[in-house]
Number of protein chains: 2
Amino acid sequence: MSSADPAATPSPATDGRPVGINEVAAHAGVSAATVSNVLNRPERVAEGTRRRVEGAIAELDYVRNSSGSNLRSGRSDSIGLVVHDVTNPFFTEVARGVQDAAADEGRAVVLLNSDEQAAWQSRSLRLLAEQRAAGAVVMPIDDDMADLLWLRKRDTPWVVLDRGDVGEDLGCSVTVDNHAGGLAAGRHLIGLGHDRVTFVSGPLGIEQCARRLDGLRAACEEGGLDPDRAVRVVEAAQLNPRSGEQAVEEILAGGPRRRPQAAFCANDQLALGVLKGLGERGLRVPGDLSVVGYDDVDVAGLVHPGLTTVAQPKYELGRAAMRLLHSELADADHRHQRLRFEPELVVRGSTAPATTHPTL
Amino acid sequence: MSSADPAATPSPATDGRPVGINEVAAHAGVSAATVSNVLNRPERVAEGTRRRVEGAIAELDYVRNSSGSNLRSGRSDSIGLVVHDVTNPFFTEVARGVQDAAADEGRAVVLLNSDEQAAWQSRSLRLLAEQRAAGAVVMPIDDDMADLLWLRKRDTPWVVLDRGDVGEDLGCSVTVDNHAGGLAAGRHLIGLGHDRVTFVSGPLGIEQCARRLDGLRAACEEGGLDPDRAVRVVEAAQLNPRSGEQAVEEILAGGPRRRPQAAFCANDQLALGVLKGLGERGLRVPGDLSVVGYDDVDVAGLVHPGLTTVAQPKYELGRAAMRLLHSELADADHRHQRLRFEPELVVRGSTAPATTHPTL
DNA sequence: CGCCGATATTAAAACGTGTCAATAAAATAA
DNA sequence: TTATTTTATTGACACGTTTTAATATCGGCG
């Protein structure tokens, strides 16, 4: 414990040269190899010497230089996490899960943003390759696996997050069933009597959005509605509140009589923007329009009315990804696997039964 | 550019042994030193050989091993960022600023959570010491500088974020004037005629909270009110929405007739929780109670009513911190400095003039 | 007494890179 | 031509660690 409290020792590090394993060895009257053993396999060294070495470590305030050990072992022990944007609360929850799980193993996490741009994703993975990262947890920006294949060829294993179409032989993946999520949201809306729903999508190239839409359409068919008539799609530029706000204009484009009864947003961030935009135009939620989001970020439960949304186990997603990565790093007989979580509909105040004759 | 696109080359990395600077040298018919020069000081190597080496690099799909170079140089080139909690949107904005600025210099950022616990902060800094991080940006959990002093003694420079009481000789700091923020909020409320304000604080040990409270009290005196009568303090357990929600009970504890006219929260997160708690008890904002937050996180503008709050230049905070750190790393004649930003009051719908006779 | 196995310790050799001093080659000056 | 400077290249070492194979120590057993 004394070495855990950095300030406890007077730190004679001002001896001039930095203190390494050799200085410790000299100070303890022992060889460098023994010091290394104390650090890595304490059971192999006799009680007495071990204590002497530990004393020297504390007294000299020695802290291991991981560059050295990484060089020797050919691998760093930190892991990379590549997300679209740290600023998005969905990702931060996931990140937190990854970090906590990594911390359990004493690993540091290098956090990189791809900004949903291929070039940045490449740069990030390249950086991890340079660092010889132990592994990576990646949320790919699209289904082009070239970068990831390249990384794996360099013996850096990874786990793909939130993207299902990874060949099982390439690596593990952790996903949430987006189709099921869309389906649940759709059933809920249709159950409330809505038959004109606008899907506020992010860029349609994003697989998650497409699948959620699929789910919504499936719910229509299930409910005896023609998806092509019941569902209209509005594509927002980005998955953030501002884009949601801007999308409102398009949602209402058809004039009051063609106004949809509900908006299902690909994202809570979008949904929050939509809520705001509707409010500014004097439309009431859920009176005039029901709104459903996706993710169940913290604030979804804080706004008024509370946002009905499809919850994803964000933190668990991150933890699970890290767990799989750990398995691949530690278990000799590791087999890649796809882990799929089920989303869960959380009903709050932003959805209500359709009024038979909407306010005209 | 060809080497920037990882997948472009067929990658003969399957030659058995990993390809290092030596393999490249051999393949280009040149010495290892020359390859190193091509990588680090291209101007010192002749046009022809340089191209030959670059060809070999591309062909062998070589990527530098930073363990090696870090070991040699005694320093890693990545920088550490220690925040309280990635999950808090305030920190993510700051983090984004740091990351972007770091990316400009090609540096990676190791993100660590301290969870506001001394032990975790120590662990984080220790980890950075092990990595021989180039530097760190730290939001300290309290005013105990022992950890940071220790780190600096190990030649790892840092910039302190959001905490003003750092001796100028120890290192740079970037802060926002919390007193001014509290003052601005206080003036606003008093200007609206409120004379019973509850300050919803986080743990009072946190300097930021204390200063903001000071500012509020100063505003009272300025307005001819006795701070001890006009301001009541409620201490929430943590700076998150849940704590805010729980604090509502205490805010209203005095019964309807002693109900405050306004709540000034140390944090937007707290404020959001307070808004929710009030809503659930049927109280209207701002009709029955005005609410002010602090930080101006994204959602502050999205909830209804919009949250009046004290905005901090979060992203700029992060960028500035990284810029100072860079200066310390690069400029030989660096002098530590304190950078102080001014907060700005953003008035939205959650505050309104006091009713002369509150709803009784 | 000599031998054995077990236990503790260590010398030495990597790992991949950057830098310094030294050499080779070429260009310029004399 | 030779002497001198400039320009390109290189050999060799150091950085701090881990690991392998070898050595030293010791108690016990034949």
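Lettering follows sequence order; numbering is per chain, from 1.
Applying the side chain to side chain contact (heavy atoms under 4.5 Å, CB included) rule to A:Ser114 yields the partners A:Val82, A:His84, A:Gln121, A:Ile141; only residues at least two apart in sequence or on another chain are considered. For A:Arg338, the side chain to side chain contact (heavy atoms under 4.5 Å, CB included) partners at least two apart in sequence or on another chain are A:Glu168, A:Ser173. Take B:His336 and apply the ring pair (Phe, Tyr, Trp, His ring centres under 6.0 Å) test, not counting sequence neighbours, and it matches B:His334. Residues passing the side-chain hydrogen bond (donor to acceptor under 3.5 Å, both in side chains) test with A:Glu93, sequence neighbours excluded: none. For A:Asp100, the side-chain hydrogen bond (donor to acceptor under 3.5 Å, both in side chains) partners are A:Arg96, A:Tyr315, not counting sequence neighbours.
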(message) For a quick check, with a 4.0 angstrom heavy-atom cut-off, what is the B/S/- contact string for nucleotides 4-16 of chain C, read 5' to 3'?
(response) ----SSBB-BBBB

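The separation between A:Leu60 atom CG and D:dG16 atom P is 14 Å, rounded to whole Å. Between the CG atom of A:Leu39 and the P atom of D:dG16 there is a distance of 15 Å, rounded to whole Å. Note: CG (B:Asn40) to P (C:dT17) measures 10 Å, nearest angstrom.
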